[in-house]
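Report on the structure given below.
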Amino acid sequence: MSDHKMHPESLMMSHGYKPALSEGAIKCPIFQTSTFVFQSAEDGKAFFEVAYGLREKGEKEEPGLIYSRLNNPDLQILEERLCLWDEAEECAVFESGMSAISTCLLEFLSPGDVLLFSNPLYGGTDHFIKQTLTRFGIEVMGFYPWEQDQLPELVKRSGKADRIRMIFVETPANPTNTLIGIKACAELARSLSTADRKVLVAVDNTYMGPLWQHPLKLGADLVLYSATKYIGGHSDVIAGACLGSKALIGRVKGLRTFLGCMAGPWTGWLLLRSLETLKARMDIQARNAEQVAAFLANHPKVERVYYLGQLNDPKQQAIYEEQCLSAGAMLSFTVHGGEAEAFRFLNALKLVKLAVSLGSTESLAEHPASMTHAGVDPEERAKLGIAENLVRLSVGVEHPSDLIADLGRALNAI
Ligand SMILES: *Cc1c(COP(=O)(O)O)cnc(C)c1O
């Protein structure tokens with residue numbers, strides 16, 4: 001085994017955890033404690049020197065446990081395991097996806113900076129950017145997927161090129177699975193960077209989870225997750241994560257310490273449990289989604305399917321091949337008719353639950369126009385293809401024939 005490099009799914013059972021430090025317990029216990037006892041005053045002093053960045057941690061030195069707002073074994077082990085999927089140097093976990101996103105934006109943006117972002121963004125992120133960041137003198141500038149080819153030109157014409165500090169991207173976009181090219185954004189960021197001012201690319205990778213798209217390998221600097229979705233995967237915990245280089249995540253962790261939005265030990269423990277089955281769950285979910293999408297594409301009550309495995313635009317297909325490792329398990333479709341027909345379908349579902357959120361073991365369906373995207377103004381919604389007859393599905397791990405039977409019965413109720 002000496003030079004055999006194990007896959008992340010194999011390492012999820014053991015990586016970063018030493019049973020001998022926990023009475024031999026096979027699973028990492030929940031370290032439900034606010035503070036940690038120092039063996040000596042000298043130890044306490046040494047731990048604080050490292051925590052406050054007064055000196056670098058020594059080669060063989062273990063990071064000392066101080067206080068659960070700074071560090072806790074459940075969080076540290078979770079962060080080390082999350083790094084394996086994205087091949088990141090470092091990770092910071094949070095009590096929600098929104099706290100990961102907002103902490104990251106606040107750390108790297110200052111008054112006078114411009115944030116360039118892709119449309120549409122997750123509702124919470126969109127609100128935070130437009131309502132909160134702008135109150136602190138940060139300018140925001142959105143672009144649409146169909147403008148991505150002309151983005152360098154649009155940036156140049158805006159007259160703000162030298163003030164852009166970060167490009168924030170969410171791909172595939174929710175709910176229509178439109179792709180934004182991560183490599184092209186990274187190239188643009190490089191072209192806008194100067195020796196003393198690096199333009200960062202941050203990607204919200206929640207929709208693809210840590211398996212199906214690796215933004216850091218495509219040139220992004222930061223990758224963000226709502227760990228509530230695939231990583232947690234059981235609809236029983238809210239959490240988030242941010243990954244990147246040691247230097248960048250060191251800064252994110254610094255602000256996290258002072259905002260106090262780290263994940264608690266119980267959240268950390270739940271996610272460690274979830275990570276053991278992440279690969280198995282996501283494999284089954286993607287396989288099920290492929291069968292569901294094929295069924296929907298041929299159903300007479302269905303107008304159009306938005307699924308990464310059935311793209312018909314060559315530009316989108318090229319981005320897909322460049323950056324996605326799977327078509328994923330999120331799909332949307334329009335039924336013939338309007339809101340009434342979509343509602344009749346949703347109300348007739350039995351196995352598939354009517355709820356927002358995604359990436360969990362159980363399949364979920366929702367109506368974007370009146371639910372997740374109700375806050376988007378109607379004109380903007382129409383522009384983005386979020387129609388009244390659009391339904392979004394998150395495909396779970398149930399047996400595919402049961403899912404198809406449930407969807408078929410509900411479609412026939414229209
Ligand atoms: C859910 C979600 C978020 C927010 O995460 P929370 O864990 O609910 O705070 C951010 N981005 C995307 C794409 C999401 O789906």
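Just follow the structure's listing: the first ligand is 1, and inside any ligand the first atom is 1. Everything quoted here is computed from the prediction, not taken from an experiment.
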Contact set, ligand 1, heavy-atom distance under 4.0 Å, ordered by chain/number, equals S96, G97, M98, I101, Y122, E170, D204, T206, S226, T228, K229, I238, A239, L358
Of all heavy-atom pairs linking S10 and M6, the shortest is CB-SD, 3.9 Å
Residue pairs meeting salt bridge (charged side-chain N to carboxylate O under 4.0 Å, His left out), one or both in residues 403-414, sequence neighbours left out, come to D406-R409
Those residues at least two apart in sequence (or on a different chain) that pass side-chain contact (heavy atoms from CB on, under 4.5 Å) with I404 are Q291, V292, F295
Those residues at least two apart in sequence (or on a different chain) that pass side-chain contact (heavy atoms from CB on, under 4.5 Å) with M208 are P172, N205, W212, Q213, L308, C324
Query raised in the report: Crowded around E321 CD? As in, over 12 foreign heavy atoms under 6.0 Å?
Result: yes
- Item | NZ (K57) with more than 12 external heavy atoms under 6.0 Å | yes
